[in-house]
Amino acid sequence: MIILFKCLSLALVFCLFACKSGNASSQANNTTPQDTVQPFTLPIIPPMLTTPEQRAHFLVKHYWDAINLTDTNYIHHPEITEQAWTDYCDLLNHVPLETAQAALKSLLLKNETNKKMYHYLTELADKYLYDPNSPMRNEEFYIPVLQTMTASPALNKTEKIRPQERLKLALRNRKGTKALDFNYTLASGAEGSLYGIQADYTLLLINNPGCHACAEAIASIQHSAVLGQLIASKRLKVLAFYPDKELDEWKKHLSEFPNEWINGYDKEFKVSADNRYDLRAIPTLYLLDKKKTVLLKDAPAEAIEEYLK
């Protein structure tokens, strides 16, 4: 899958919106019309909105005003709609989460009666917000999409099965909730549990042996001065957890993990079998507080380091 990705920073959007909007007529004049499709243009921000927060809020709310999404011809022009979607997802990062979630719900609800466009928009959400290979993957943005889909009259019962299951999994171990407990077994045969770890913070690293991305995550944690200091002071404990069944393969890679980490596997294979954690993307990192409340979910090591600063 080739993912289109052009990340416009908020500063660039604010600097160029007037130019982009002002040149819309010239762009249209120089473009040979294809069907009824028009080039995408950003809304013109009222001059009285002067703060970055006000301008971002306006852009998010009116972002799609220039496109007639009742026209399904746009589905056949991803160079317009898909590019607009990626820029939109980037813009959502610059407003409060509640604003971003409300905007995504509103976009889908407005297109609910047009089933072709509704399916197209939800497919874009799957591709960019859910796919583990997407650099824009964002579960907090994907949750309102799933909530809208599971309640939508545009989908029948069969079509709702997948979003219903994805929503259940997305709401588990969500930021601000208690992480689900599980048992682990060490190479020595000793056993423990997630909730049995005593520390101000617990960094849960769900991994697979021989995984290149897992090795990169391990190296990032090891090379972090911030995490290293917290580990040395015993304020942070790292639990590397293997959820699959290839125990011999797991044992071959034990030496790749620092001795001060807890490195265990799922002896009874319950985490995967019970879908206690979302394992579609490996490695997966969770940062938990002393009471095992999720502070960060599916976050890169760099984001965890920044949080703990």
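Keep in mind the model is a prediction, meaning the values are calculated, not measured. Along the sequence shown, the residues carry numbers beginning at 1.
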Salt bridge (Lys or Arg N to Asp or Glu O under 4.0 Å) against [X], all qualifying residues, sequence neighbours excluded:
X: Lys270; value: Glu268
X: Glu249; value: Lys252
X: Glu123; value: none

Checklist line | Thr70 and Asn114: side chain donor to acceptor below 3.5 Å | finding: no
Residues that [X] engages under side-chain contact (heavy atoms from CB on, under 4.5 Å), provided they are two or more places apart:
X: Lys234; value: none
X: Asn156; value: Thr158, Glu159
X: Asn208; value: Cys211, Tyr242, Pro243, Asp244, Ile282

Next on the checklist: Glu53 vs His57, test: side-chain hydrogen bond (donor to acceptor under 3.5 Å, both in side chains). Steps then yes/no.
Outcome noted: CA-CA 6 Å; Glu53 292 80 11; His57 181 86; over 6 Å; no
Checking side-chain contact (heavy atoms from CB on, under 4.5 Å) between Val238 and each of Ile197, Leu230, Leu203, Thr202, which is the one that passes?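 Between Val238 and the candidates, side-chain contact (heavy atoms from CB on, under 4.5 Å) is satisfied uniquely by Leu203.
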Exercise answer: donor-acceptor pairs, residues 147-155 side-chain atoms, under 3.5 Å, sequence neighbours excluded:
from, atom 1, to, atom 2, distance (Å)
Gln147, OE1, Lys105, NZ, 3.3
Thr148, OG1, Pro144, O, 2.8
Thr150, OG1, Leu146, O, 3.2
Thr150, OG1, Gln147, O, 3.0
Ser152, OG, Glu112, OE2, 2.8
Ser152, OG, Tyr118, OH, 3.4
Ser152, OG, Ala154, N, 3.0

Q.
Could you work out, with side-chain hydrogen bond (donor to acceptor under 3.5 Å, both in side chains) as the rule, every residue matching Thr81, not counting sequence neighbours?
A.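 Result, side-chain hydrogen bond (donor to acceptor under 3.5 Å, both in side chains) vs Thr81: Tyr120.
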Asn275 meets the side-chain hydrogen bond (donor to acceptor under 3.5 Å, both in side chains) criterion, sequence neighbours left out, with none
ask   = Residues in ring pair (Phe, Tyr, Trp, His ring centres under 6.0 Å) with Tyr286, at least two apart?
value =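 Ring pair (Phe, Tyr, Trp, His ring centres under 6.0 Å) list for Tyr286, sorted by chain: Tyr277.
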**OP:** Name all residues meeting the ring pair (Phe, Tyr, Trp, His ring centres under 6.0 Å) criterion together with Trp64; count only those two or more places apart in sequence or in a different chain, and write none if there are none.
**Re:**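 In terms of ring pair (Phe, Tyr, Trp, His ring centres under 6.0 Å), with neighbours along the sequence ignored, Trp64 is linked to Tyr88.
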Within the distance-only criterion (no hydrogens, no angle test), does the side chain of [X] pair as donor or acceptor with the backbone N or O of [Y] below 3.5 angstrom?
X: Ser272; Y: Phe269; value: no
X: Asp71; Y: Asn73; value: yes
X: Ser224; Y: Ile221; value: no
X: Asn207; Y: Cys214; value: no
X: His62; Y: Phe58; value: no

Are there more than 12 heavy atoms of other residues, nucleotides or ligands under 6.0 Å from atom [atom1] of [X]?
X: Arg280; atom1: CZ; value: yes
X: Lys61; atom1: NZ; value: no
X: Lys267; atom1: NZ; value: no
X: Lys160; atom1: NZ; value: yes
X: Glu260; atom1: CD; value: yes

Under a 4.5 Å cut-off applied to non-hydrogen side-chain atoms, are [X] and [Y] in contact?
X: Lys127; Y: Ser134; answer: no
X: Lys116; Y: Ile75; answer: yes
X: Asp298; Y: Leu285; answer: no
X: Leu288; Y: Leu194; answer: yes
X: Glu191; Y: Asn183; answer: no

Report yes or no: do [X] and [Y] belong to one cluster of Ile/Leu/Val/Met/Phe/Trp/Tyr joined by side chain heavy-atom distances under 4.5 Å?
X: Ile231; Y: Val226; result: yes
X: Phe241; Y: Leu287; result: no
X: Ile143; Y: Leu109; result: no
X: Leu169; Y: Tyr142; result: no
X: Leu295; Y: Leu205; result: yes

Calculate, to the nearest 0.5 Å, the distance between atoms [atom1] and [atom2] belonging to [X] and [Y] respectively.
X: Gln229; Y: Leu308; atom1: CD; atom2: CG; result: 11.5 Å
X: Arg276; Y: Asp181; atom1: CZ; atom2: CG; result: 8.0 Å
X: Lys251; Y: Leu254; atom1: NZ; atom2: CG; result: 8.0 Å
X: Lys178; Y: Tyr195; atom1: NZ; atom2: OH; result: 5.5 Å
X: Phe141; Y: Met136; atom1: CZ; atom2: CE; result: 9.0 Å
X: Gln101; Y: Leu92; atom1: CD; atom2: CG; result: 10.0 Å

Is any side-chain N of the basic residue among [X] and [Y] closer than 4.0 Å to the acidic one's carboxylate O?
X: Lys297; Y: Asp278; result: no
X: Lys175; Y: Glu140; result: no
X: Asp126; Y: Arg162; result: yes

Next on the checklist: Would Arg166 and Tyr130 count as a cation-pi pair here, with the cationic atom under 6.0 angstrom from the ring centre and within 45° of the axis?
Outcome noted: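 Judged by the rule, Arg166 and Tyr130 form a cation-pi pair.
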From the list Tyr74, Trp85, Tyr63, ring pair (Phe, Tyr, Trp, His ring centres under 6.0 Å) partner of Phe40 resolves to Tyr63
Pairs flagged by ring-ring contact (aromatic ring centres under 6.0 Å, His included) wherever residues 155-176 is involved - sequence neighbours left out:
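Those involving residues 155-176 do not exist here.
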